[in-house]
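Have a look at the structure below, then the notes.
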Amino acid sequence: MSGTDVRKDAEDSGPSGYAAARLRLLTEGAQSGPPRRAALANLTDDWLTGLFAAGAEQLRGASLIAVGGYGRGELSPRSDLDLLLLHDGSDPAAVAALADRIWYPVWDLGLALDHSVRTPAEARKTAGEDLKVQLGLLDARHIAGDLGLTAGLRTAVLADWRNQAPKRLPELQELSAERAERQGELQYLLEPDLKEARGGLRDATILRAVAASWLADAPREGLDDARRRLLDARDALHLTTGRATDRLALQEQDQVAAELGLLDADTLLRQVYEAARVISYASDVTWREVGRVLRSRAVRPRLRAMLGGGKPTAERSPLAEGVVEQDGEVVLARAARPERDPVLPLRAAAAAAQAGLPLSLHAVRRMAAAVRPLPTPWPAEAREQLVTLLGSGRPTVEVWEALEAEGLITRFLPDWERVRCRPQRNAVHIWTVDRHLIETAVRASEFTRRVHRPDLLLVAALLHDIGKGWPGDHSVAGEIIAKDVAARIGFDRDDVAVLSTLVRHHLLLVETATRRDLEDPATVRSVADAVGSQGTLELLHALTEADALATGPAAWSSWRGSLVADLVKRVAAVLAGDDLDEPEAAAPTAEQERLAIEAIATGSPVLALRAQTEPPTQEQLSGDPEPLGVELLIAVPDQPGVLPAVAGVLAMHRLTVRTAELRALDLPDGVEGSVLLLDWRVAAEYGSLPQAARLRADLVRALDGSLDIAGRLAERDAAYPRRRGVVAPPARVSVHPAASRLATVIEVRAQDAPGLLFRIGRALEDANVRVRSAHVSTLGANAVDAFYVTGPEGAPLPSEEAASVARKLEETLRG
């Protein structure tokens, strides 16, 4: 039966005809989705028009108006009828009688009714006092009666809303946040409320209201489709349960999926989650824009007065190459060329997360539209920026979601598609698979001081459940995927092996600790055999805790933590024979030897700054990936203060140290003297590298004491205070007395920052210890530095003195 036939039956048969026509429309299945909702609204309009006409034969100055969801023509099978009987106040008694003629037939049919009777003035006054009424009236639609009366109210309500928007929108945002706190996030709930949860239909309606204010607008791409999917799910929920409910309970999900023609309940939830994610992201962007506009309006009069009426220019502060901060967002620099810079999205994301700022919607869309695919394997910078993004803590989540909203994540990591929005039907898990992976990285960022390779920890956190969605054991499937992903993003063979081991065995420690007898040597030996090395065990311990904490409150406890720690201690004892002594220094190259002889001859530092200009060979590509930046070789006659002097000069010139080696160089026979060789990789924070001659001149002044590096760095920090951004874990300094027979090894794990190596070097000099060699690496935003130090006589430090040096160094870095 067509929609026209259904409506004709309703008109011919009165209320009972409407009920029969409504039942046929909802049960015959000829229509579904938006056409059925529109047909149901039209059918109801016709019936109510008849009721209004029969009761208002002698009445003028009254109209019947649909508001809310009914006003938008979005009637689900069990939706309330939201109605306003508007009148001019000339005949209250007649209006009351008309209301009875309309409301009672609706109630008699068992339909839910939200009704009111008001004059235009009363309606505007109530809207001004009640945001829910205001939002409903923004969707007001004329059904019957005086069209001019309805149009006048619509015009007045819209004008009121736009005039009051600067005051009412912050109130609406606060109410939305409170609702989200109560109801949770739709995209992660196993039994979500399709309307009230964050990202649900209520938020979609609010976005329409914000757009109607003309103050800001939501990103429109995908928004209508997301609303349609949630409305379709609610329709199916109403039909399968026979109730006016918005909560998608577990026991009803299979039926709802079948009603929608979907494969199963997981497919249904994933579709619902994807829709909610679109609405949530649009809400975030919209409320951010509302805040920006309101702040701009608040400061504009004052700025105009200061600038003599001129238009103020937004400040742009550089964050990274091609990336700046403007108006509290991260945007692209004017000179940025995403079509020529495939690393730009990751660099921008890392800069945003480190600064604790959102990525501009315009910037993300521009990059998504223009950026070229990354080569395989990724360049070293891309890998470093990914690690920096993952290690940024809580801000990582918002930045990751911005990239994902425009499809950039699956472009970088195609395997992400299988875990995106994938539900986890496990009461312990509180997140979808993809969000759980990001939450694990957030948790792992708190443990980067506990491990020697924070980059491997963070990437393992991102990939540990990547096998979910594939048949069989997700750890086995994940191991295969992790090998491919790790190689694609540029890790060398050894690192790929470690990452695949971490993914394969990410449940090993907690399952063994809680299910096996730790007194049985075979148990401990089996774990040691699976893990293979002390370094991998250290990483697996941190990953285990991060994974559990990111799962939910029921997944980790002090009891579980103590069991896992006990197991790790026992396994470490088995693996203790794997400790290595201090590595032997490699023989100097011809260029290093030449620089050293020149330094002895001149009595001053000599340096060479060299960038790789030739493309890497196949052998280079298949071996260790090339570190970031350019190579800086410095030869200096052995003297105190070399490390802080070099590090301080580089910090002054805004050069980031990616890797660094410092060692005493054996000179050829016949050449007297002692030379320190520094072989470092450096990169400009932004802009171009300084000239080698200028670096050398400043280094000479730093060594002779005529250049006050500490003062210069302090002045710069005072002039350009750094944004607070991410709150990083505190620095950790530890002593490894068994790591070398020739020196005391002091290891520093800290957040990388300008001047960090200078502060470390100066603190070691102040402690009157000699740095015999140094091995510095920057992994994402984390610095992991090992210093082989001795006393003035060249012997390892006594244990108490070493502990004192480490303690003072840690206090310096935390101060």
Side-chain angles (χ1 to χ4, degrees), residues 585 588-589 591-592 594-596 598-600 602-611 627-665 673-685 689-714 716 746 748 750 752-778 783-789 809 812-813:
T589 65
E591 182 179 22
Q592 291 172 346
R594 178 184 63 79
L595 292 174
E598 185 178 345
I600 287 293
T602 61
S604 61
V606 180
L607 62 84
L609 190 63
R610 184 178 64 234
L628 287 176
V630 300
E631 185 177 21
L632 174 63
L633 280 174
I634 305 176
V636 187
D638 194 359
Q639 59 189 291
V642 170
L643 177 61
V646 174
V649 168
L650 297 183
M652 280 176 47
H653 287 273
R654 295 189 182 275
L655 292 176
T656 299
V657 178
R658 291 301 183 186
T659 64
E661 298 286 333
L662 179 152
R663 59 189 171 95
L665 196 64
S674 179
V675 171
L676 294 178
L677 178 72
L678 298 93
D679 186 353
W680 293 15
R681 287 275 173 170
V682 299
E685 286 185 35
L689 292 165
Q691 296 295 318
R694 186 175 175 190
L695 285 177
R696 182 182 179 279
D698 282 346
L699 181 55
V700 170
R701 294 173 58 209
L703 289 169
D704 67 22
S706 61
L707 178 61
D708 180 11
I709 294 176
R712 294 278 291 274
L713 292 177
R716 189 179 72 188
I746 295 179
V748 178
D752 188 35
L756 172 66
L757 194 53
F758 167 71
R759 295 173 67 198
I760 294 173
R762 191 170 65 168
L764 292 175
E765 291 285 337
D766 292 344
N768 197 31
V769 298
R770 180 184 177 196
V771 179
R772 189 170 182 272
S773 67
H775 310 274
V776 173
S777 59
T778 304
V784 181
D785 306 338
F787 302 92
Y788 288 71
V789 303
L809 178 54
T812 298
L813 296 179

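Here the structure is a predicted model, which means the values were calculated and not measured.
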Shortest non-hydrogen pair, Ile709 vs Ala645, comes out as CD1-O, 3.7 Å

Self-check item: Phe787-His775 aromatic ring centre distance below 6.0 Å
Solution: no

dist Ile634:CD1 -> Gln592:CD (nearest 0.5 Å) comes out at 12.5 Å

One should read off an interatomic distance between Asp698 CG and Ser706 OG, to the nearest 0.5 angstrom, of 9.0 Å

The reported gap from CG in Leu632 to CG in Leu650 (rounded to nearest 0.5 angstrom) is 6.0 Å

Problem set entry | Side-chain (Thr778) to main-chain (Val657) donor-acceptor, under 3.5 angstrom | yes

Interatomic distance, CG@Leu813 vs CD1@Ile760, rounded to 0.5 Å, equals 5.5 Å

Less than 4.0 angstrom from a charged side-chain N to a carboxylate O is my criterion; do Asp638 and Arg770 meet it?
yes

query = Is there a donor-acceptor pair closer than 3.5 Å between any side-chain N or O of Arg759 and the backbone N or O of Thr812?
reply = yes

Scanning both residues in full, the closest heavy-atom pair of Val675 with Ala635 reads CG1-CB, 4.0 Å

When you check the side-chain N and O atoms of Ser604 and Arg696, is any donor under 3.5 Å from an acceptor?
yes

Output for pair (Thr656 OG1, Leu756 CG), nearest 0.5 Å, gives 11.0 Å

Closest heavy-atom pair, Pro644 versus Arg762, reported as atoms and distance to 0.1 Å, is CB-N, 3.5 Å

- Message: Using modelled atom types and a 3.5 Å cut-off, is there a donor and acceptor pairing between side-chain atoms of Glu765 and backbone atoms of Gly641?
- Response: yes

So CZ of Arg772 and CG of Leu662: to nearest 0.5 Å the spacing works out to 11.5 Å

